[in-house]
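Both counts, for ligands and for their atoms, begin at 1 and track the order of listing. For reference, positions follow the sequence shown, starting with 1.
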Amino acid sequence: MNKITLAIETSCDDTSISILEGIEVISLKTFSQIKNHAKFGGVIPEVASRLHSEFIFKIIDEALNDSYKKIEDIDQIAVTSGPGFVNTLQVGILVAKTLALVLNKPIYEINHIEAHAYSPFIGKSFSEIPSKAIVVIVSGGHSEIFLKEDWEFKLLGKTRDDSIGEAYDKVAKKVGYNYPGGAKIDEIAQNYEGKEFKFPISNLEDFDFSYSGIKSFFLRKYNENPELKEPLIKGFQIAAINQIINKIKRAIDKYGVYNLIIGGGVSANSYLRQELKNNKEIELFLPKLRYTTDNAAMIGYLAALKIENKVIKKTNLKLDAKPKEKI
Ligand code: KG4
Ligand code: ZN
C-alpha cells in the first residue's frame, strides 16, 4: 500500500503543506505571506516566523480536508531542514517533531534546493528522472548551477553577489512595483516590442553568476532617464537571463550532458523558457508553474522518492534547522 506523507515547507515566506499518497500529490495548500512583506520590500524573518506559527495548523487542516485524509492516516512526515531562515525553518521542524511524537511516525528531513531540483518530476516515477543532468536553481534566494549524477549534486557555480530573483525584485521596486516584482518585470520586457538598452556583459570565466553589476547599471541609467523604463527593463531581462543561458551552454560543452533541469521562482520567466525551448540540443525538464515557487509538494515528493529507493534514513527528534545547508 502506498504510504501517506504529510510534507511541511517553511524555509522562507510560504507556509506550505502537502499530502501525498506514494509519489502522487493529493493536496497542496500554501499560504503566501507576500502581502505582509511587500511594505518592507523583502522578507523579514521575524515577521515570517510569527506568521508561519499563526497559520501552519490552519493550513494543515485545509490540506488534510482537501485530501480526504485524517491526521491518523499519515504514515510519515517530510520537512524542509534547510537552507532558509533559521527562525522560519524552526517553525516547520517543531510542528514536524510534535506530529511525529504524537502520531508515533517517522520524520524525514529534506534539503530545499534539492527538492526544487526534483520539482519537474513531481508525480513521476524514478525511471523518468534522468540520472545525469545539469541543474539550475534560480530564485529569490539562489542562483546556482549543479551537475547531478544519480543522487549526487556537484556545485559548479553560484552567484558572487545578489541572486537573480533579488536583482529582479530590486529593479521592480525601483520602477514602483510591489515586492516581489520579478514576474511584472518579465511581463513588461516581453510586451515591449522596441529595441532594448544594451547592458554590460558579465565575463566571469567559470560557472559563477554576478547580478549586482547589471542591477546597479539599471538603477543608474533609470535615475538618469526614467523615460527609458521599457528599453532598460528589456535590456536587464536579456542580460540577466543570458548569463544563465551562457553558463548552461558552458556546462553542456564541458560535461557533454544535454539534460537540463530548472527550478525556483525565476524558472517561470518567459524569456528563459522560450530561449531554452528553442534550443533543440537541450532536453528540458521544467516544473509546472504551481511548482516553480516554494511548495511542500516538492518536499513530500522527494522524501517519498528517496524512501522508495532506500537512500534516506528517518531523522531523530534532535533535528534542528540548518540555515546554510548544502545539497
Ligand atoms: O522560489 P521562489 O518562490 O522563492 C525563493 O525561494 O526565493 O522565488 C521567488 C523569486 C522572486 O524573486 C520573484 O521576483 C522571482 O522569483 N520571479 C521571477 C518571475 N516569477 C517569479 N523572476 C523573473 N521572471 C519571472 N517570471
Ligand atoms: Zn525556493
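- Of all the heavy atoms in Ser163 and Ser139, the pair that sits closest is OG-O, 3.3 Å.
- Hydrophobic clustering of Ile, Leu, Val, Met, Phe, Trp and Tyr side chains at less than 4.5 Å, counting indirect connections, unites Phe55 with Ile19.
- Within the structure, the side-chain hydrogen bond (donor to acceptor under 3.5 Å, both in side chains) test picks out the following pairs touching residues 53-72 (sequence neighbours left out): Lys58-Glu62.
- The closest protein non-hydrogen atom to atom 23 (C) of ligand 1 is Asn269 ND2, 3.5 Å.
- Here the protein contributes His112 NE2, His116 NE2, Asp294 OD1 as N, O or S atoms under 2.8 Å from the Zn ion (ligand 2).
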*Could you walk me through whether Arg160 and Asp206 pass salt bridge (charged side-chain N to carboxylate O under 4.0 Å, His left out), step by step?*
CA-CA 11 Å; Arg160 291 193 180 174; Asp206 54 15; 3.0 Å; yes

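- Distances between N or O atoms of Gly140 and those of ligand 1 include at least one value under 3.5 Å.
- Residue contact annotation: Cys12 has no non-hydrogen atom under 4.0 Å from ligand 1.
- Taking every non-hydrogen atom of Asp169 and a distance limit under 4.0 Å, the qualifying atoms of ligand 1 come out as 11 (C), 12 (O), 13 (C), 14 (O).
- Residues Glu325 and Ser81 have side chains that bring a donor and an acceptor to within less than 3.5 angstrom of each other.
- Close contacts between ligand 1 and Gly141 involve ligand atoms 7 (O) [criterion: under 4.0 Å to a heavy atom].
- Between Asp14 and ligand 1, no pair of N/O atoms sits closer than 3.5 Å.
- Side-chain N/O atoms of Gln237 and Asn269 include a donor and acceptor closer than 3.5 Å.
- Between Ser270 and ligand 1, a contact under 3.5 Å exists for no N or O pair.
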_Glu109 and Lys322: CA distance, side-chain angles, deciding distance, salt bridge (charged side-chain N to carboxylate O under 4.0 Å, His left out) verdict_ = CA-CA 10 Å; Glu109 60 176 295; Lys322 298 169 181 167; 2.7 Å; yes

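- Selection from Thr293, Ile34, Asp294 by nearest heavy atom to atom 6 (O) of ligand 1 gives Asp294.
- Residue Gly264 has no nitrogen or oxygen atom sitting less than 3.5 Å from a nitrogen or oxygen atom of ligand 1, judged on distance alone.
- For atom 17 (N) of ligand 1, the nearest non-hydrogen atom of the protein is Gly265 O, 3.8 Å.
- Residues Ser16 and Thr30 have side chains that bring a donor and an acceptor to within less than 3.5 angstrom of each other.
- Atoms of ligand 1 found under 4.0 Å from any heavy atom of Gly165 (numbered from 1 in listed order, with element): 12 (O).
- When only modelled atom types and interatomic distance are considered, Thr15 and His52 share a side-chain donor-acceptor pair under 3.5 Å.
- When only modelled atom types and interatomic distance are considered, Gln190 and Gln274 share a side-chain donor-acceptor pair under 3.5 Å.
- When heavy-atom distances to ligand 1 are checked against a 4.0 Å cut-off, Val266 comes that close through both its backbone and its side chain.
- Close approach of ligand 1 to Gly182 is summarised as follows: ligand atoms under 4.0 Å from at least one heavy atom of the residue are 14 (O), 18 (C), 19 (C), 22 (N), 23 (C), 24 (N), 25 (C).
- The aromatic rings of Tyr118 and Phe153 lie perpendicular to each other, with more than 60° between the two planes, well past the 30° mark.
- Remark: ligand 1 and Asp186 share an N or O pair separated by less than 3.5 Å (distance only, no angle test).
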*Stepwise salt bridge (charged side-chain N to carboxylate O under 4.0 Å, His left out) check, Glu196 with Lys198*: CA-CA 6 Å; Glu196 77 275 10; Lys198 291 274 179 281; 3.0 Å; yes

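- Atom 19 (C) of ligand 1 has as its closest protein heavy atom Ala183 N, 3.6 Å.
- When each atom of ligand 1 is checked for a heavy atom of Ala268 under 4.0 Å away, the hits are 26 (N).
- By the 30° and 60° cut-offs, the orientation of the rings of Phe285 relative to Phe121 is tilted.
- Cluster membership check: Ile241 shares its hydrophobic cluster with Phe209, using side-chain heavy-atom separations under 4.5 Å among Ile, Leu, Val, Met, Phe, Trp and Tyr.
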